[in-house]
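Letters A, B, ... mirror the listed sequences (proteins, then strands); counts begin at 1.
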2 protein chains.
Amino acid sequence: MIQTAEETLARVLVVDDEPNIADVISMALKYNDFTVATAADGNEALEQVSDFRPDLIVLDVMMPGLDGFQVAKRLAERSNDVPILFLTARDTTDDKIRGLTIGGDDYMTKPFSVEELIARIKVILRRSGRSREESPRLTYLDLELDDDTREVFRDGNPIELTDTEFRLLRYLMSNPRRVLSRAQILDHVWEYDFAGDARVLETYVSYLRRKLDKYGPSLIVTVRGVGYALREPKG
Amino acid sequence: MIQTAEETLARVLVVDDEPNIADVISMALKYNDFTVATAADGNEALEQVSDFRPDLIVLDVMMPGLDGFQVAKRLAERSNDVPILFLTARDTTDDKIRGLTIGGDDYMTKPFSVEELIARIKVILRRSGRSREESPRLTYLDLELDDDTREVFRDGNPIELTDTEFRLLRYLMSNPRRVLSRAQILDHVWEYDFAGDARVLETYVSYLRRKLDKYGPSLIVTVRGVGYALREPKG
DNA sequence: AAGGAAATTCAGACTCTTCTCAGGAAACTC
DNA sequence: GAGTTTCCTGAGAAGAGTCTGAATTTCCTT
(Lines give C-alpha, C1' and ligand atoms only; values in the text may rest on other atoms or scores of the structure.)
Protein backbone atom coordinates (compact mmCIF):
# COMPACT_ATOMS: atom_id res chain seq x y z
CA MET A 1 0.00 0.00 0.00
CA ILE A 2 1.27 3.42 -0.90
CA GLN A 3 0.72 6.07 1.70
CA THR A 4 1.12 9.75 1.08
CA ALA A 5 2.68 12.07 3.57
CA GLU A 6 -0.71 13.27 4.65
CA GLU A 7 -2.06 9.86 5.46
CA THR A 8 0.79 8.43 7.44
CA LEU A 9 1.75 9.30 10.98
CA ALA A 10 5.45 8.70 10.69
CA ARG A 11 8.14 6.43 9.30
CA VAL A 12 9.32 3.70 11.65
CA LEU A 13 12.24 1.33 11.22
CA VAL A 14 11.87 -1.97 13.10
CA VAL A 15 15.08 -3.80 13.91
CA ASP A 16 14.86 -7.28 15.39
CA ASP A 17 16.59 -10.52 14.51
CA GLU A 18 13.58 -12.62 15.47
CA PRO A 19 11.31 -12.56 12.39
CA ASN A 20 8.22 -13.32 14.44
CA ILE A 21 8.67 -10.30 16.64
CA ALA A 22 9.58 -8.06 13.74
CA ASP A 23 6.41 -9.19 11.96
CA VAL A 24 4.16 -8.62 14.93
CA ILE A 25 5.50 -5.12 15.42
CA SER A 26 5.49 -4.33 11.75
CA MET A 27 1.88 -5.38 11.26
CA ALA A 28 0.72 -3.50 14.31
CA LEU A 29 2.43 -0.35 13.11
CA LYS A 30 1.10 -0.58 9.57
CA TYR A 31 -2.38 -1.09 10.90
CA ASN A 32 -1.91 2.12 12.88
CA ASP A 33 -1.01 4.08 9.76
CA PHE A 34 2.74 4.14 10.19
CA THR A 35 5.04 3.58 7.25
CA VAL A 36 7.32 0.70 8.19
CA ALA A 37 10.64 -0.76 7.14
CA THR A 38 12.44 -3.64 8.83
CA ALA A 39 16.00 -4.77 9.35
CA ALA A 40 17.21 -8.07 10.78
CA ASP A 41 20.55 -6.96 12.17
CA GLY A 42 22.62 -3.97 13.09
CA ASN A 43 24.35 -3.41 9.78
CA GLU A 44 21.13 -3.64 7.84
CA ALA A 45 19.68 -1.17 10.31
CA LEU A 46 22.41 1.37 9.63
CA GLU A 47 21.82 1.07 5.90
CA GLN A 48 18.10 1.49 6.33
CA VAL A 49 18.56 4.61 8.38
CA SER A 50 20.26 6.19 5.40
CA ASP A 51 17.87 4.83 2.80
CA PHE A 52 14.55 4.85 4.57
CA ARG A 53 15.12 7.93 6.76
CA PRO A 54 12.89 6.87 9.63
CA ASP A 55 11.37 9.25 12.16
CA LEU A 56 11.82 6.62 14.85
CA ILE A 57 13.60 3.30 15.31
CA VAL A 58 12.32 0.32 17.28
CA LEU A 59 15.58 -1.38 18.12
CA ASP A 60 16.18 -4.74 19.76
CA VAL A 61 19.26 -4.54 21.97
CA MET A 62 20.04 -8.25 21.83
CA MET A 63 21.16 -9.11 18.32
CA PRO A 64 24.04 -11.15 16.97
CA GLY A 65 26.77 -8.99 15.46
CA LEU A 66 26.18 -5.30 15.97
CA ASP A 67 23.82 -5.02 18.92
CA GLY A 68 21.29 -2.30 19.61
CA PHE A 69 23.57 -0.25 21.82
CA GLN A 70 26.26 -0.25 19.19
CA VAL A 71 23.84 0.78 16.49
CA ALA A 72 22.68 3.67 18.66
CA LYS A 73 26.26 4.69 19.27
CA ARG A 74 27.11 4.67 15.57
CA LEU A 75 24.11 6.82 14.88
CA ALA A 76 25.13 9.28 17.57
CA GLU A 77 28.61 9.46 16.06
CA ARG A 78 27.02 10.39 12.77
CA SER A 79 25.08 12.99 14.78
CA ASN A 80 21.90 11.32 13.70
CA ASP A 81 19.44 11.99 16.48
CA VAL A 82 16.53 9.82 15.42
CA PRO A 83 14.70 8.81 18.59
CA ILE A 84 14.93 5.16 19.54
CA LEU A 85 12.62 2.79 21.37
CA PHE A 86 14.86 0.02 22.66
CA LEU A 87 13.54 -3.48 23.22
CA THR A 88 15.24 -5.39 26.00
CA ALA A 89 14.80 -8.80 27.56
CA ARG A 90 13.08 -8.68 30.91
CA ASP A 91 16.22 -9.85 32.66
CA THR A 92 18.56 -7.30 31.13
CA THR A 93 20.48 -5.89 34.05
CA ASP A 94 19.63 -2.42 35.27
CA ASP A 95 23.01 -0.93 34.53
CA LYS A 96 22.71 -1.80 30.84
CA ILE A 97 19.39 -0.08 30.57
CA ARG A 98 20.46 2.97 32.51
CA GLY A 99 20.95 6.06 30.40
CA LEU A 100 18.52 4.96 27.74
CA THR A 101 15.92 7.60 28.58
CA ILE A 102 18.18 10.65 28.59
CA GLY A 103 17.30 12.03 25.19
CA GLY A 104 13.94 11.43 23.64
CA ASP A 105 14.62 7.72 23.85
CA ASP A 106 12.79 5.07 25.83
CA TYR A 107 12.76 1.32 26.22
CA MET A 108 10.34 -1.56 26.74
CA THR A 109 10.96 -5.01 28.07
CA LYS A 110 9.94 -8.06 26.11
CA PRO A 111 7.39 -9.43 26.04
CA PHE A 112 5.16 -6.40 25.74
CA SER A 113 1.60 -5.80 24.66
CA VAL A 114 1.07 -4.35 21.22
CA GLU A 115 -1.08 -1.52 22.51
CA GLU A 116 1.63 -0.51 24.92
CA LEU A 117 4.16 -0.44 22.09
CA ILE A 118 2.01 1.81 19.93
CA ALA A 119 1.31 4.08 22.86
CA ARG A 120 4.99 4.47 23.65
CA ILE A 121 5.88 5.16 20.05
CA LYS A 122 3.31 7.92 19.88
CA VAL A 123 4.62 9.44 23.10
CA ILE A 124 8.15 9.57 21.76
CA LEU A 125 7.11 11.03 18.42
CA ARG A 126 4.96 13.64 20.05
CA ARG A 127 7.76 14.75 22.34
CA SER A 128 10.32 14.88 19.59
CA GLY A 129 8.02 17.03 17.52
CA ARG A 130 8.09 14.65 14.56
CA SER A 131 4.43 13.90 14.63
CA ARG A 132 1.38 16.02 14.05
CA GLU A 133 -0.48 13.68 16.35
CA GLU A 134 -2.82 15.34 18.78
CA SER A 135 -2.64 15.20 22.55
CA PRO A 136 -2.52 11.82 24.21
CA ARG A 137 -5.93 12.29 25.70
CA LEU A 138 -8.57 9.85 24.52
CA THR A 139 -12.21 10.64 25.07
CA TYR A 140 -15.44 8.83 24.41
CA LEU A 141 -18.72 10.14 25.74
CA ASP A 142 -18.06 11.02 29.38
CA LEU A 143 -14.89 8.94 29.54
CA GLU A 144 -11.46 10.53 29.45
CA LEU A 145 -8.10 8.78 29.45
CA ASP A 146 -4.72 10.48 29.61
CA ASP A 147 -1.77 8.44 28.49
CA ASP A 148 0.94 10.60 30.01
CA THR A 149 -0.47 10.81 33.48
CA ARG A 150 -2.32 7.50 33.30
CA GLU A 151 -5.37 9.21 34.67
CA VAL A 152 -8.89 8.13 33.81
CA PHE A 153 -12.03 10.12 34.45
CA ARG A 154 -15.68 9.35 34.01
CA ASP A 155 -17.92 12.37 34.06
CA GLY A 156 -15.08 14.24 35.75
CA ASN A 157 -14.60 11.64 38.49
CA PRO A 158 -11.12 10.16 38.77
CA ILE A 159 -10.95 6.38 38.50
CA GLU A 160 -8.09 4.25 39.77
CA LEU A 161 -7.14 1.50 37.38
CA THR A 162 -4.49 -1.17 37.56
CA ASP A 163 -2.07 -1.55 34.70
CA THR A 164 -4.01 -4.25 32.88
CA GLU A 165 -7.32 -2.49 33.40
CA PHE A 166 -5.79 0.66 31.95
CA ARG A 167 -4.46 -1.08 28.86
CA LEU A 168 -7.79 -2.78 28.27
CA LEU A 169 -9.75 0.44 28.55
CA ARG A 170 -7.27 2.25 26.33
CA TYR A 171 -7.71 -0.38 23.63
CA LEU A 172 -11.46 -0.16 23.83
CA MET A 173 -11.37 3.62 23.77
CA SER A 174 -9.12 3.72 20.74
CA ASN A 175 -11.69 1.62 18.90
CA PRO A 176 -14.93 3.14 20.06
CA ARG A 177 -18.19 1.48 19.03
CA ARG A 178 -16.33 -1.21 17.13
CA VAL A 179 -16.89 -4.77 18.25
CA LEU A 180 -13.58 -6.29 19.22
CA SER A 181 -13.21 -10.05 19.34
CA ARG A 182 -11.78 -11.80 22.34
CA ALA A 183 -8.81 -12.81 20.26
CA GLN A 184 -8.19 -9.25 19.14
CA ILE A 185 -8.34 -7.94 22.64
CA LEU A 186 -6.07 -10.63 24.01
CA ASP A 187 -3.60 -10.02 21.19
CA HIS A 188 -3.48 -6.30 21.72
CA VAL A 189 -3.77 -5.88 25.43
CA TRP A 190 -1.92 -8.88 26.80
CA GLU A 191 1.74 -9.60 26.23
CA TYR A 192 2.28 -11.14 22.83
CA ASP A 193 3.30 -14.48 24.29
CA PHE A 194 0.43 -14.76 26.73
CA ALA A 195 -0.66 -18.38 26.79
CA GLY A 196 -2.92 -18.51 29.78
CA ASP A 197 -6.62 -18.95 30.20
CA ALA A 198 -8.53 -16.66 27.86
CA ARG A 199 -11.12 -16.15 30.54
CA VAL A 200 -8.93 -13.53 32.18
CA LEU A 201 -10.48 -11.16 29.76
CA GLU A 202 -13.91 -11.73 31.25
CA THR A 203 -12.53 -11.10 34.68
CA TYR A 204 -10.99 -7.83 33.60
CA VAL A 205 -14.10 -6.68 31.80
CA SER A 206 -15.87 -7.32 35.05
CA TYR A 207 -13.32 -5.30 37.00
CA LEU A 208 -13.56 -2.42 34.58
CA ARG A 209 -17.34 -2.38 34.62
CA ARG A 210 -17.40 -2.30 38.37
CA LYS A 211 -15.14 0.73 38.44
CA LEU A 212 -16.67 2.61 35.52
CA ASP A 213 -20.34 1.96 36.20
CA LYS A 214 -20.25 3.78 39.51
CA TYR A 215 -20.72 7.04 37.60
CA GLY A 216 -23.13 6.15 34.83
CA PRO A 217 -24.62 3.44 32.66
CA SER A 218 -22.41 0.60 31.58
CA LEU A 219 -20.47 1.44 28.43
CA ILE A 220 -18.85 -1.91 27.80
CA VAL A 221 -21.39 -4.02 26.00
CA THR A 222 -21.04 -7.74 25.49
CA VAL A 223 -21.57 -8.99 21.98
CA ARG A 224 -22.38 -12.57 22.66
CA GLY A 225 -20.32 -15.08 20.73
CA VAL A 226 -18.07 -12.35 19.39
CA GLY A 227 -16.51 -10.04 21.93
CA TYR A 228 -16.99 -6.61 23.43
CA ALA A 229 -17.57 -3.08 22.29
CA LEU A 230 -17.41 0.29 23.95
CA ARG A 231 -20.62 2.11 23.26
CA GLU A 232 -23.78 3.48 24.73
CA PRO A 233 -26.18 0.83 25.92
CA LYS A 234 -29.34 0.55 23.88
CA GLY A 235 -32.11 2.96 24.68
CA MET B 1 15.97 18.62 13.19
CA ILE B 2 15.93 22.29 12.37
CA GLN B 3 14.98 24.63 15.14
CA THR B 4 14.11 28.23 14.59
CA ALA B 5 15.26 30.97 16.92
CA GLU B 6 11.84 31.10 18.53
CA GLU B 7 11.77 27.44 19.45
CA THR B 8 15.18 27.05 20.97
CA LEU B 9 16.33 28.29 24.33
CA ALA B 10 19.93 28.95 23.47
CA ARG B 11 22.96 27.68 21.57
CA VAL B 12 25.33 25.50 23.56
CA LEU B 13 28.72 24.18 22.55
CA VAL B 14 29.74 20.95 24.30
CA VAL B 15 33.46 20.25 24.49
CA ASP B 16 34.60 16.89 25.82
CA ASP B 17 37.09 14.37 24.52
CA GLU B 18 35.10 11.41 25.85
CA PRO B 19 32.44 10.70 23.20
CA ASN B 20 30.12 9.01 25.69
CA ILE B 21 29.97 12.04 27.93
CA ALA B 22 29.61 14.41 25.01
CA ASP B 23 26.73 12.28 23.73
CA VAL B 24 24.91 12.21 27.04
CA ILE B 25 25.18 15.95 27.45
CA SER B 26 24.28 16.63 23.87
CA MET B 27 21.19 14.44 23.98
CA ALA B 28 20.01 15.92 27.24
CA LEU B 29 20.42 19.45 25.90
CA LYS B 30 18.69 18.74 22.61
CA TYR B 31 15.83 17.18 24.46
CA ASN B 32 15.55 20.37 26.50
CA ASP B 33 15.26 22.49 23.37
CA PHE B 34 18.80 23.78 23.20
CA THR B 35 20.63 23.94 19.92
CA VAL B 36 23.83 21.96 20.31
CA ALA B 37 27.22 21.65 18.67
CA THR B 38 30.08 19.50 19.91
CA ALA B 39 33.85 19.58 19.82
CA ALA B 40 36.27 16.85 20.86
CA ASP B 41 39.27 18.98 21.77
CA GLY B 42 40.44 22.49 22.47
CA ASN B 43 41.31 23.54 18.95
CA GLU B 44 38.05 22.29 17.55
CA ALA B 45 36.33 24.18 20.34
CA LEU B 46 37.95 27.46 19.36
CA GLU B 47 36.87 26.97 15.77
CA GLN B 48 33.32 26.18 16.80
CA VAL B 49 33.11 29.29 18.92
CA SER B 50 33.70 31.33 15.78
CA ASP B 51 31.46 29.25 13.53
CA PHE B 52 28.63 28.23 15.81
CA ARG B 53 28.56 31.33 18.04
CA PRO B 54 27.28 29.62 21.17
CA ASP B 55 25.54 31.40 24.02
CA LEU B 56 27.28 29.08 26.47
CA ILE B 57 30.07 26.50 26.46
CA VAL B 58 30.14 23.28 28.47
CA LEU B 59 33.86 22.71 28.70
CA ASP B 60 35.77 19.74 30.04
CA VAL B 61 38.96 20.93 31.72
CA MET B 62 40.84 17.66 31.30
CA MET B 63 41.59 17.18 27.62
CA PRO B 64 44.69 16.15 25.74
CA GLY B 65 46.31 19.04 23.89
CA LEU B 66 44.70 22.36 24.64
CA ASP B 67 42.87 21.86 27.95
CA GLY B 68 39.79 23.66 29.20
CA PHE B 69 41.70 26.33 31.10
CA GLN B 70 43.74 27.17 28.04
CA VAL B 71 40.66 27.36 25.86
CA ALA B 72 39.06 29.76 28.32
CA LYS B 73 42.22 31.83 28.38
CA ARG B 74 42.37 32.10 24.60
CA LEU B 75 38.77 33.19 24.50
CA ALA B 76 39.43 35.85 27.13
CA GLU B 77 42.35 37.09 25.04
CA ARG B 78 40.01 37.44 22.11
CA SER B 79 37.73 39.33 24.54
CA ASN B 80 35.07 36.76 23.94
CA ASP B 81 33.00 36.66 27.11
CA VAL B 82 30.74 33.71 26.38
CA PRO B 83 29.92 32.09 29.73
CA ILE B 84 31.44 28.70 30.46
CA LEU B 85 30.32 25.74 32.55
CA PHE B 86 33.52 23.82 33.31
CA LEU B 87 33.47 20.08 33.91
CA THR B 88 36.14 18.79 36.26
CA ALA B 89 37.03 15.42 37.71
CA ARG B 90 36.00 15.08 41.31
CA ASP B 91 39.60 15.05 42.47
CA THR B 92 40.76 18.16 40.63
CA THR B 93 42.64 20.20 43.18
CA ASP B 94 41.03 23.25 44.67
CA ASP B 95 43.56 25.75 43.45
CA LYS B 96 42.94 24.77 39.85
CA ILE B 97 39.23 25.25 40.22
CA ARG B 98 39.58 28.47 42.14
CA GLY B 99 38.98 31.44 39.98
CA LEU B 100 36.75 29.50 37.62
CA THR B 101 33.59 31.11 38.86
CA ILE B 102 34.84 34.68 38.82
CA GLY B 103 32.95 35.80 35.74
CA GLY B 104 29.55 34.43 34.96
CA ASP B 105 31.15 31.02 34.90
CA ASP B 106 30.53 27.95 37.00
CA TYR B 107 31.77 24.41 37.25
CA MET B 108 30.47 20.93 38.00
CA THR B 109 32.34 17.84 39.02
CA LYS B 110 31.97 14.63 37.09
CA PRO B 111 29.96 12.56 37.36
CA PHE B 112 26.88 14.75 37.61
CA SER B 113 23.18 14.21 37.21
CA VAL B 114 21.55 15.34 34.00
CA GLU B 115 18.93 17.41 35.77
CA GLU B 116 21.63 19.22 37.70
CA LEU B 117 23.48 20.01 34.49
CA ILE B 118 20.42 21.47 32.83
CA ALA B 119 19.57 23.45 35.93
CA ARG B 120 23.05 24.95 36.13
CA ILE B 121 23.06 25.87 32.48
CA LYS B 122 19.79 27.68 32.85
CA VAL B 123 21.08 29.57 35.88
CA ILE B 124 24.13 30.77 33.99
CA LEU B 125 22.15 31.81 30.95
CA ARG B 126 19.63 33.64 33.04
CA ARG B 127 22.33 35.57 34.87
CA SER B 128 24.12 36.46 31.69
CA GLY B 129 20.91 37.60 30.11
CA ARG B 130 21.27 35.29 27.15
CA SER B 131 18.10 33.38 27.80
CA ARG B 132 14.47 34.31 27.67
CA GLU B 133 13.83 31.58 30.20
CA GLU B 134 11.48 32.40 33.03
CA SER B 135 12.26 32.54 36.73
CA PRO B 136 13.73 29.49 38.39
CA ARG B 137 10.81 29.07 40.74
CA LEU B 138 8.82 25.91 40.21
CA THR B 139 5.39 25.58 41.74
CA TYR B 140 2.80 22.85 41.81
CA LEU B 141 -0.27 23.11 44.00
CA ASP B 142 0.99 24.24 47.40
CA LEU B 143 4.57 23.23 46.65
CA GLU B 144 7.21 25.79 45.78
CA LEU B 145 10.81 25.16 44.83
CA ASP B 146 13.40 27.82 44.19
CA ASP B 147 16.37 26.72 42.17
CA ASP B 148 18.59 29.67 43.03
CA THR B 149 18.19 29.51 46.77
CA ARG B 150 17.43 25.79 46.91
CA GLU B 151 14.51 26.53 49.17
CA VAL B 152 11.40 24.39 49.20
CA PHE B 153 8.08 25.33 50.73
CA ARG B 154 4.87 23.46 51.19
CA ASP B 155 1.89 25.64 51.96
CA GLY B 156 4.35 28.34 53.00
CA ASN B 157 6.27 26.09 55.39
CA PRO B 158 9.98 25.77 54.68
CA ILE B 159 11.21 22.21 54.15
CA GLU B 160 14.82 21.13 54.55
CA LEU B 161 15.92 18.73 51.85
CA THR B 162 19.21 17.04 51.23
CA ASP B 163 20.81 17.36 47.83
CA THR B 164 19.41 14.15 46.39
CA GLU B 165 15.97 14.80 47.83
CA PHE B 166 16.03 18.24 46.21
CA ARG B 167 17.01 16.92 42.80
CA LEU B 168 14.34 14.24 42.95
CA LEU B 169 11.63 16.71 43.89
CA ARG B 170 12.80 19.14 41.23
CA TYR B 171 12.53 16.47 38.56
CA LEU B 172 9.07 15.50 39.69
CA MET B 173 8.00 19.14 39.81
CA SER B 174 9.29 19.85 36.34
CA ASN B 175 7.07 17.02 35.06
CA PRO B 176 3.93 17.54 37.10
CA ARG B 177 1.17 14.94 36.84
CA ARG B 178 3.14 12.89 34.35
CA VAL B 179 4.01 9.36 35.36
CA LEU B 180 7.78 8.96 35.34
CA SER B 181 9.28 5.50 35.14
CA ARG B 182 11.89 4.36 37.58
CA ALA B 183 14.44 4.29 34.79
CA GLN B 184 13.64 7.86 33.78
CA ILE B 185 14.00 9.11 37.31
CA LEU B 186 17.28 7.29 37.87
CA ASP B 187 18.63 8.53 34.54
CA HIS B 188 17.80 12.13 35.24
CA VAL B 189 18.28 12.55 38.95
CA TRP B 190 21.21 10.29 39.73
CA GLU B 191 24.72 10.70 38.41
CA TYR B 192 25.00 9.45 34.86
CA ASP B 193 27.28 6.59 35.83
CA PHE B 194 25.25 5.47 38.81
CA ALA B 195 25.18 1.70 38.66
CA GLY B 196 24.00 0.83 42.12
CA ASP B 197 20.87 -0.62 43.53
CA ALA B 198 17.76 0.86 41.91
CA ARG B 199 15.97 0.54 45.22
CA VAL B 200 17.68 3.69 46.37
CA LEU B 201 14.92 5.49 44.53
CA GLU B 202 12.27 3.94 46.71
CA THR B 203 14.17 4.99 49.78
CA TYR B 204 14.31 8.58 48.60
CA VAL B 205 10.67 8.64 47.67
CA SER B 206 10.04 7.49 51.19
CA TYR B 207 12.22 10.28 52.63
CA LEU B 208 10.54 12.92 50.49
CA ARG B 209 7.08 11.77 51.44
CA ARG B 210 7.94 11.91 55.10
CA LYS B 211 9.09 15.50 54.80
CA LEU B 212 6.38 16.76 52.46
CA ASP B 213 3.41 15.01 54.01
CA LYS B 214 3.77 16.86 57.29
CA TYR B 215 1.87 19.78 55.77
CA GLY B 216 -0.78 18.12 53.67
CA PRO B 217 -1.88 15.05 51.75
CA SER B 218 0.73 12.99 49.98
CA LEU B 219 1.48 14.34 46.51
CA ILE B 220 3.82 11.63 45.29
CA VAL B 221 1.66 8.82 44.03
CA THR B 222 2.96 5.38 43.19
CA VAL B 223 1.84 3.98 39.88
CA ARG B 224 2.40 0.33 40.47
CA GLY B 225 4.49 -1.40 37.87
CA VAL B 226 5.31 1.89 36.17
CA GLY B 227 6.81 4.54 38.39
CA TYR B 228 5.84 7.67 40.28
CA ALA B 229 3.95 10.85 39.56
CA LEU B 230 3.51 14.14 41.36
CA ARG B 231 -0.15 14.86 41.62
CA GLU B 232 -3.11 15.22 43.90
CA PRO B 233 -4.22 11.99 45.41
CA LYS B 234 -7.53 10.86 44.01
CA GLY B 235 -10.75 11.53 45.81
C1' DA C 1 41.93 11.78 62.44
C1' DA C 2 37.36 12.05 64.36
C1' DG C 3 32.76 13.06 63.98
C1' DG C 4 28.72 13.73 61.59
C1' DA C 5 25.73 13.95 57.72
C1' DA C 6 24.29 12.03 53.55
C1' DA C 7 23.94 8.29 50.40
C1' DT C 8 23.40 3.60 49.59
C1' DT C 9 22.40 -1.17 50.48
C1' DC C 10 19.70 -4.59 52.44
C1' DA C 11 16.02 -7.50 54.35
C1' DG C 12 11.58 -8.41 55.89
C1' DA C 13 6.87 -7.13 56.05
C1' DC C 14 3.33 -5.75 53.58
C1' DT C 15 0.23 -4.57 49.70
C1' DC C 16 -1.60 -4.99 45.29
C1' DT C 17 -2.16 -7.26 40.90
C1' DT C 18 -2.85 -10.95 38.09
C1' DC C 19 -4.67 -15.12 36.99
C1' DT C 20 -7.41 -19.26 37.77
C1' DC C 21 -11.41 -21.52 38.94
C1' DA C 22 -16.18 -22.61 39.81
C1' DG C 23 -20.97 -21.82 40.54
C1' DG C 24 -24.64 -19.33 39.03
C1' DA C 25 -26.91 -15.98 35.81
C1' DA C 26 -28.11 -14.60 31.36
C1' DA C 27 -28.84 -15.24 26.56
C1' DC C 28 -29.63 -17.94 22.74
C1' DT C 29 -31.54 -22.08 20.09
C1' DC C 30 -34.88 -25.16 18.93
C1' DG D 1 -39.84 -23.35 27.95
C1' DA D 2 -36.08 -26.69 28.31
C1' DG D 3 -31.65 -27.37 27.19
C1' DT D 4 -27.37 -25.58 25.89
C1' DT D 5 -23.98 -22.33 25.49
C1' DT D 6 -21.88 -18.24 26.89
C1' DC D 7 -20.84 -14.99 30.18
C1' DC D 8 -20.33 -12.85 34.83
C1' DT D 9 -18.37 -12.35 39.21
C1' DG D 10 -16.68 -13.62 43.82
C1' DA D 11 -13.01 -16.00 46.08
C1' DG D 12 -8.48 -17.12 46.67
C1' DA D 13 -3.59 -18.50 45.61
C1' DA D 14 0.67 -17.13 43.81
C1' DG D 15 3.66 -13.88 42.73
C1' DA D 16 5.40 -9.37 41.78
C1' DG D 17 6.06 -4.94 43.38
C1' DT D 18 6.65 -1.58 47.12
C1' DC D 19 7.73 0.48 51.57
C1' DT D 20 10.45 1.39 55.53
C1' DG D 21 13.72 0.90 59.31
C1' DA D 22 18.24 -0.12 60.10
C1' DA D 23 22.98 -1.18 58.95
C1' DT D 24 26.76 0.13 56.30
C1' DT D 25 29.61 2.92 53.48
C1' DT D 26 31.11 7.19 51.63
C1' DC D 27 32.01 11.80 51.81
C1' DC D 28 32.73 16.19 53.88
C1' DT D 29 33.82 19.24 57.77
C1' DT D 30 36.21 20.45 61.72
>> Just the rounded figure in Å: distance from P of D:dT29 to CG of B:Asp163.
In response: 12 Å
> Rounded to whole angstrom units, what separation is found between the CG atom of A:Asp197 and the P atom of D:dA13?
Replying inline: 18 Å
> Closest nucleotide of DNA chain D for A:Gly225 versus for B:Gly227: which of these residues is on the 5' side?
Replying inline: A:Gly225
>> Check the phosphate of D:dT18 against B:Ser206, side-chain N and O only, distance under 4.0 Å to OP1 or OP2. Yes or no?
In response: no
> Quick check: are there more than 12 heavy atoms from other residues, nucleotides or ligands sitting under 6.0 Å from NZ of B:Lys110?
Replying inline: yes
>> On the nucleotide C:dT18, are OP1 or OP2 found under 4.0 Å from the side-chain N or O atoms that A:Thr162 carries?
In response: yes
>> Can you measure A:Phe166 atom CZ to C:dC16 atom C1' for me and round it to whole angstrom units?
In response: 18 Å
> Do other residues, nucleotides or ligands put more than 12 heavy atoms under 6.0 Å from the CZ atom of A:Arg178?
Replying inline: no
> Is the count of non-hydrogen atoms from other residues, nucleotides or ligands lying under 6.0 Å from A:Lys96 atom NZ greater than 12?
Replying inline: no
> Between C:dC19, D:dC7, D:dC19, which nucleotide has the shortest distance from any of its atoms to the side chain of B:Tyr228?
Replying inline: D:dC19
> Does a nitrogen or oxygen in the side chain of A:Arg209 sit under 4.0 Å from OP1 or OP2 of D:dC8?
Replying inline: yes
> Among the nucleotides D:dC19, D:dG21, C:dA7, which one has an atom lying closest to any side-chain atom of B:Thr203?
Replying inline: D:dG21
> Can you tell me how far C1' of D:dT26 sits from CZ of B:Phe194, to the nearest Å?
Replying inline: 13 Å
> Is any side-chain nitrogen or oxygen of A:Trp190 closer than 4.0 Å to OP1 or OP2 of C:dC19?
Replying inline: yes
> Counting any heavy atom closer than 4.0 Å, what does B:Arg210 reach on the DNA or RNA strands: base, sugar-phosphate only, or nothing?
Replying inline: sugar-phosphate
> Whole-Å distance between C:dA5 C1' and B:Tyr204 OH?
Replying inline: 10 Å
> When you measure from the side chain of B:Arg154 to the backbone N and O of B:Leu212, does any donor-acceptor pair fall under 3.5 Å?
Replying inline: yes
>> Heavy atoms from C-beta onward define the side chain here; which of D:dC8, C:dT20, D:dA16 lies closest to that of B:Arg224?
In response: D:dA16
> Only one of B:Val15, B:Val14, B:Leu85, B:Asp105 clears side chain to side chain contact (heavy atoms under 4.5 Å, CB included) with B:Ile57; which?
Replying inline: B:Val15
>> Starting the side chain at C-beta, find the nucleotide from C:dT8, C:dT20, D:dT18 nearest to B:Glu202.
In response: D:dT18
>> Counting neighbours of CE on A:Met173 that are heavy atoms of other residues, nucleotides or ligands and sit closer than 6.0 Å, is the number greater than 12?
In response: yes
>> Rounded to whole Å, please give me the gap between NZ in A:Lys211 and C1' in C:dT18.
In response: 12 Å
>> Given C:dC21, C:dA6, C:dT18, identify the nucleotide with an atom nearest to the side chain of A:Thr164.
In response: C:dT18
>> Output the rounded distance in Å from CG (A:Leu201) to C1' (C:dC21).
In response: 16 Å
>> Here's a test of your reading of the structure: between A:Thr222 and A:Tyr207, which maps to the more 5' nucleotide of DNA chain D?
In response: A:Thr222
> Of A:Arg199 and A:Glu165, whose closest DNA chain C nucleotide lies nearer the 5' terminus?
Replying inline: A:Glu165
>> Counting only side-chain nitrogens and oxygens, does A:Arg182 get under 4.0 Å of the OP1 or OP2 atom of D:dT6?
In response: no
